[in-house]
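Before any comments, here is the structure.
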Amino acid sequence: MTSPTRPAAARFELVIPTEQGEFIARYSARGLARLTFPRTGTAPRVRPAIPRDLLQQISTWHRLTSRALKMILSGRAPLNWPPLDLSGGTEFQRQVWAALQRIPLGRTASYGDLARDIGRPQAFRAVGGACGANPIVVLIPCHRALAANGRLGGFSGGVKWKRTLLAAEGIAVPAR
DNA sequence: AGGCGAGTGAGGA
DNA sequence: TCCTCACTCGCCT
């Protein structure tokens, strides 16, 4: 056939400028597949052009992503969300990510709480791993997962970001 | 209070 | 099959 078949895994990147830097959003044909923190000191890279048949769809999603991100960064709960393409995760990871999305803005849960939420009370340690594999920072609020006894725990994007995000949501940030 | 070790489930090499 | 965790708990100073 003449229609160019895109690989199912095709991803298209757009940036979201914020006061904190440029977040990078990556879209598949199914929705937002990845959102990453601003990188410091990397050369701007060439991004593949978005095919015409996806342009309008992705533009719409990107507006939703940008607004939702900026809302959370300013401590307000987003009204609308882009569709999320979480097909890259395992079943267990998707369950953890869904549990994270149930934590309201301004609230936190411990890794143990999340493990109980998904019906695997002993899997609290694996929950940490799934949080670390979260492909969509901020919108899937892995920063709201703390260790037991209110300790901060870790963060794949760096603990500084975790503190920043918690502070933006008005959460008292543990000393460590 | 704080350190330490064992136990734990999932994922990746 | 092994190893590594963004953990938790209990026991010990």
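Labels below follow one simple rule: chain letters A, B, ... track the order of the sequence lines, proteins then strands, and each chain is numbered from 1. Computed from a prediction, not measured in an experiment: that's the story for all the values here.
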_At 4.0 Å (heavy atoms only), tell me whether Gly112(A) reaches a base, stays on the sugar-phosphate, or touches nothing._
sugar-phosphate
_Please tell me whether Arg30(A) and Ser28(A) have a donor and an acceptor in their side chains that are separated by less than 3.5 angstrom._
no
*Closest nucleotide among dT8(B), dC7(C), dG11(B) to the Tyr111(A) side chain*: dC7(C)
*dA6(C) OP1/OP2 closer than 4.0 Å to side-chain N/O of Ser156(A)*: no
*With distance as the sole test, does Asn134(A) use its side chain to make a donor-acceptor pair with the main-chain N or O of Trp97(A) at under 3.5 Å?*
no
*Measure from the side-chain heavy atoms of Ala123(A) and tell me the nearest of dG11(B), dT8(C), dG9(B).*
dG9(B)
*What is the pairing partner of dC12(C), taking Watson-Crick or G-U wobble pairs with both distances under 3.5 Å in any strand?*
dG2(B)
*Partner nucleotide, any strand, of dA6(C) [Watson-Crick/G-U, under 3.5 Å]*: none
*In whole angstroms, how far is the P atom of dA6(C) from the CG atom of Leu100(A)?*
15 Å
*Check the distance between dC5(C)'s P and Asn134(A)'s CG and give it to me in whole angstrom.*
19 Å
*Gln93(A) CD to dC5(C) C1': how many Å, rounded?*
13 Å
_If I take atom CG in residue Asp113(A) and atom P in nucleotide dA6(C), what distance separates them, rounded to the nearest angstrom?_
19 Å
*Closest-nucleotide ordering on DNA chain C, the 5'-leading residue of Asn149(A) and Cys142(A)*: Cys142(A)
*asked:* Given dA6(C), dG7(B), dG9(B), identify the nucleotide with an atom nearest to the side chain of Phe124(A).
replied: dG7(B)
*Rounding to a whole Å, what distance do you find between Arg125(A):CZ and dG5(B):C1'?*
11 Å
_Nearest 0.5 angstrom please: Arg102(A) CZ to Ile118(A) CD1, how far?_
9.0 Å
*Measure from CZ on Arg116(A) to C1' on dT8(C) and round the result to the nearest Å.*
10 Å
*Return the nearest nucleotide to the side chain of Phe155(A); candidates are dA6(C), dG9(B), dG11(B).*
dA6(C)
*Provide, to the nearest angstrom, the distance between the CD atom belonging to Gln95(A) and the C1' atom belonging to dG11(B).*
15 Å
*Applying the side chain to side chain contact (heavy atoms under 4.5 Å, CB included) test to Leu69(A), which of Leu64(A), Thr18(A), Val137(A) qualifies?*
Thr18(A)
*Quick one: sort the Trp161(A) and Phe23(A) rings into parallel, tilted or perpendicular, breaks at 30° and 60°.*
perpendicular
*For the pair made of CZ in Phe92(A) and P in dG9(B), what is the distance, rounded to whole Å?*
11 Å
